[in-house]
Structure formats: C-alpha cells, structure tokens
Protein chains: 2
Amino acid sequence: MAISSKRERTRSRLGECALALFEERGFEATSVAQIARAAGVTEMTFFRHFGAKEQAVLTDPFDPVIAEVVSARPRDEEPLARAVRGLRSALSGLSEADLVMVRRRVRLVARTPALRAAAVTQNEVTSAAIAERLAAGGADPFTARVAAQTVLAAVTTALYAWAEDPHWTLIESIGAALDVLDQGHD
Amino acid sequence: MAISSKRERTRSRLGECALALFEERGFEATSVAQIARAAGVTEMTFFRHFGAKEQAVLTDPFDPVIAEVVSARPRDEEPLARAVRGLRSALSGLSEADLVMVRRRVRLVARTPALRAAAVTQNEVTSAAIAERLAAGGADPFTARVAAQTVLAAVTTALYAWAEDPHWTLIESIGAALDVLDQGHD
DNA sequence: TCATGAATGTTATGGACTAACATTACGTTC
DNA sequence: GAACGTAATGTTAGTCCATAACATTCATGA
C-alpha cells in the first residue's frame with residue numbers, strides 16, 4: 001500500500017501539473033483554474049494545498065536543509081567557512097533525479113520575475129535561521145544577519161546561473177560564488 | 001507659476017496619501033481605492049501613475065543613484081572598495097529632510113513582507129547595472145554578478161536595521177554591513 | 001476661440017485570493 | 001461490514017488588484 005495519503009497525492013499532482021503548465025506557457029499566462037482542472041480538482045483545493053500560486057513552484061525541501069547544515073558545523077569555524085562547507089556537504093547528498101527537478105524549478109524561478117520576488121520570502125526564513133545559529137555561536141547579531149543574507153544572495157545568484165548553464169555543476173557554481181565572498185581570506 | 005506639472009502633483013499627492021495610509025493601517029489593509037479617494041482621484045488614475053500598489057512606496061530616486069555612483073569610481077579599485085566608497089559619497093549628499101522620508105519608507109518596507117518581495121525587482125535593476133560596470137572594468141561576468149548581488153544584500157540588510165534603530169546613522173549602518181564583507185581584506 | 005493633446009473618468013472584465021457552508025471520501029471502531 | 005467521525009474536497013459569493021477600451025475634462029498655444 002502507498003505510504004502517501006490522499007492529501008499528499010493530490011498535492012504532488014497539483015505541483016507537477018503546475019510546473020508543467022508553467023514551463024509550457026509561462027507562469028503569468030497560466031491560471032490556477034487551469035492547473036486545478038489539469039489535476040482534476042477545484043480551484044479552491046489548489047489554494048488549500050498551496051497558499052498562493054507561486055508556492056506551487058517554491059515549495060521545496062531545499063531551504064530548510066541549508067539552515068540545518070550550516071548550524072551543524074563546528075562552532076569555532078568562522079561564519080563564512082561554516083556556510084561554504086555546510087552547503088558543500090548538503091549538496092553532495094542530492095541524487096541525479098533530484099538535481100534534474102531542482103534545475104527545472106530553479107530555471108523557472110530564474111526566468112520569472114514574480115517567482116524571484118516570491119522566493120525572497122522563503123529566503124528570509126532560511127536567512128533568519130542561519131543568522132540565529134551564527135549569533136548563538138558568539139557572532140554579533142547584526143554581523144550575523146549581514147553574513148547570512150550575504151551568503152544566501154551569493155548562493156541564489158549561483159543557483160540562477162547554474163540553472164541556465166548546462167555545463168556547470170551545482171556545487172561548482174555555488175563554490176565559485178562563495179569564493180567571491182571568500183577572496184582574500186586565505 | 002509652479003515648476004511641477006499637474007501630473008507630477010497628483011502623483012506626489014497619491015504617493016503621500018499611500019504612505020500615510022500604509023503607516024496608519026498597514027499595507028495589506030489599505031486598498032488602492034482608499035488611496036485614490038484620499039487623493040481625490042480615481043482608482044484608475046492610481047494605476048496610471050504607479051503600475052502596482054507596491055510602487056507607491058518603492059518608487060524612489062535611491063537605487064539609480066547607487067549604480068551611478070559605484071560606476072563613477074576609478075576603475076582600478078577593487079569591486080568591493082568601489083561599492084563602499086561610492087555609497088559613502090552618495091549618502092553624504094542627502095539632506096536631513098530626505099533622510100526622514102527615506103526612513104519612513106524603508107521602515108514600512110522592512111515591516112511588510114509584500115513590499116520586501118517587491119523591492120527585489122527594483123534591486124535587480126540596480127544589481128545588473130553595477131555588475132555591468134564591474135564587468136566593463138575587467139571583472140569576470142559571474143564574479144561581477146555575485147559581487148553586485150552580495151553588496152546589495154548587505155546594503156539592504158543595513159537599511160532595514162537602520163530604519164528600525166533610531167540611534168544609528170545610515171552611513172554607519174551601511175558601513176558596518178560592508179565591513180562584514182570586507183573583513184580580512186586589509 | 002478653438003483645436004489639440006495630456007490627464008483623468010467610466011465601464012467592463014479577468015484573475016488571485018478568502019470566507020462560510022455543504023458534501024463527499026476515508027479510516028476506525030464495534 | 002455497517003455506522004460514525006473526521007479529513008478532504010466542492011460550491012457559492014464576494015473583495016481586491018490590475019488591464020483594456022472608450023469617453024470626458026482640462027490646459028495650452030495658434
């Protein structure tokens with residue numbers, strides 16, 4: 001028997017239909033009514049699963065992992081180094097299939113202004129979590145906030161560049177971005 | 001006779017009413033119909049002046065100045081130093097009255113998720129301009145992009161912190177944020 | 001004065017969301 | 001496996017943001 005409940009199944013069905021339609025005819029040109037119909041469900045149901053149209057794309061298990069992993073690093077490393085190494089180890093855990101899906105979503109976000117705007121809200125949660133951990137490790141609160149926001153900005157830029165350029169690895173792109181922050185530190 | 005045309009006057013009237021109402025009862029709780037009515041004008045007119053509700057707050061002469069000033073620095077300085085010094089000289093040109101208005105707007109943005117999200121769109125234009133200038137100065141395009149996004153993330157964080165904390169100067173806050181990026185470089 | 005174009009008003013429409021209430025489907029207990 | 005309670009979904013109605021097409025007022029110079 002399936003592990004997934006009915007709720008989980010319709011949710012993922014909605015997510016898949018949304019992604020496919022967005023890729024096919026664009027985010028703005030696709031109405032949630034169309035998505036709902038494609039998933040064999042009502043408009044209302046869509047909003048019960050994803051609070052807003054953008055959430056159908058932006059809901060991924062990616063951001064929480066970052067915060068988790070950064071805070072798992074030894075506390076005596078400096079903030080930037082912790083972020084870099086934390087991300088490196090986190091990304092090595094993704095499968096090929098995962099990467100394909102992540103790339104599809106990130107590319108869509110990278111190409112859609114409304115999605116990029118909505119993504120910052122996700123980002124802020126991650127950023128706050130990272131900053132909190134850094135501050136708990138003894139960093140000045142303001143410094144922690146800036147460091148967290150800065151690292152995420154670099155990672156986001158790397159993600160968008162990677163999604164558009166097929167001959168780069170995710171880890172390569174992110175590594176290169178973080179190297180820009182890190183220049184002069186070694 | 002007034003220097004400002006009728007168009008400019010209704011525009012600024014709309015902007016002032018919007019800011020006041022947003023501060024009074026919140027951004028989401030204020031409809032553009034209310035703003036329009038307060039300004040003695042139609043809802044339609046609002047949208048002709050500001051393409052969207054958020055633009056009533058986010059339209060300021062701030063972002064363009066940043067890009068302008070960063071690119072005005074001598075090309076042989078390194079990217080980060082150019083950004084820091086460029087901003088420093090740009091901000092010193094603001095009057096007390098300007099600072100009060102900037103603070104009101106930034107505080108509203110800092111407190112309103114929807115406005116923070118919409119602000120990134122503004123940000124991207126500035127970021128692209130900065131990156132272009134950095135790349136024209138010989139920097140690798142990807143590096144330029146990351147540097148631009150990173151600096152703006154730091155500045156934005158500083159802006160939000162400054163708007164909420166009355167005993168800090170704008171330039172102090174931004175300086176402190178950029179110092180976080182700069183640590184280890186000197 | 002009147003003619004021209006800019007600024008604004010009117011009306012109609014569509015799409016994103018919310019609220020309140022009705023209904024169906026699912027799983028659990030007996 | 002039948003009844004019951006609840007989770008999941010449907011229905012309806014409405015608000016607000018935003019756009020389009022067309023009409024109207026207002027300012028300004030010939």
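Reminder, nothing fancy here: chain letters follow the sequence lines and each chain counts from 1.
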Using the rule given for side-chain hydrogen bond (donor to acceptor under 3.5 Å, both in side chains), can you reason through B:N123 versus B:T126, listing the C-alpha separation, both sets of side-chain angles and the distance that settles it, and then say yes or no? CA-CA 5 Å; B:N123 238 321; B:T126 307; 5.2 Å; no
Could you check B:R37 against B:E43 for salt bridge (Lys or Arg N to Asp or Glu O under 4.0 Å), going step by step and ending with a plain yes or no? CA-CA 8 Å; B:R37 197 155 49 79; B:E43 202 174 337; over 6 Å; no
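Counting any heavy atom pair closer than 4.0 Å across all strands shown, A:T45 reaches sugar-phosphate atoms only and no base atom. The residue B:S31 sits close only to the backbone: its heavy atoms come under 4.0 Å of sugar-phosphate atoms, none of a base.
Stem analysis of DNA chain C (at least three stacked-register Watson-Crick or G-U pairs, each with both distances under 3.5 Å) gives C:1-25 with D:6-30, C:27-30 with D:1-4.
Atom CD of B:Q55 is separated from atom C1' of D:dC17 by 14 Å (rounded to the nearest Å). Atoms CE (B:M44) and P (D:dC17) sit 14 Å apart, rounded to a whole Å. Rounded to an integer number of Å, the gap from A:H49 NE2 to D:dA7 C1' is 11 Å. The distance from atom NZ of A:K6 to atom C1' of C:dA25 is 5 Å, rounded to the nearest whole Å. Whole-Å rounding puts the B:R13 CZ to C:dT8 C1' distance at 11 Å. Distance A:L14 CG to C:dA16 P: 14 Å, rounded to the nearest Å. Between B:F47 atom CZ and C:dG15 atom C1' there is a gap of 13 Å when expressed in whole angstrom units. In this structure, CZ of A:R37 is placed 19 Å from P of D:dT9, rounded to the nearest angstrom.
In the set C:dC17, D:dC17, D:dT9, C:dC17 carries the atom at the smallest distance from any side-chain atom of A:E54. Checking C:dA7, D:dG10, D:dA8 against every side-chain atom of A:T42, the shortest atom distance belongs to D:dG10. For B:A52, the listed nucleotide lying nearest its side chain is D:dA18; candidates were C:dA16, D:dA18, D:dA20.
Residues passing the ring pair (Phe, Tyr, Trp, His ring centres under 6.0 Å) test with A:F50 are A:F46, sequence neighbours excluded.
Counting non-hydrogen atoms of other residues, nucleotides and ligands closer than 6.0 Å to CD of B:E124 gives a total above 12.
Where B:A33 and A:T10 each meet DNA chain D at their nearest nucleotide, the meeting point lying more 5' is that of A:T10. Toward the 5' end of DNA chain D, the nearer of the two residues B:K53 and A:E43, judged by each one's closest nucleotide, is A:E43.
A distance of 14.5 Å separates CZ in A:R11 from CZ in A:R48, rounded to the nearest 0.5 Å.
Linking Ile, Leu, Val, Met, Phe, Trp and Tyr residues whenever their side-chain heavy atoms come within less than 4.5 Å leaves B:V57 and B:V125 in two separate clusters.
Here ring-ring contact (aromatic ring centres under 6.0 Å, His included) pairs that include residues 152-176 of chain B, with residues two or more places apart or in two chains, are A:F142-B:W168.
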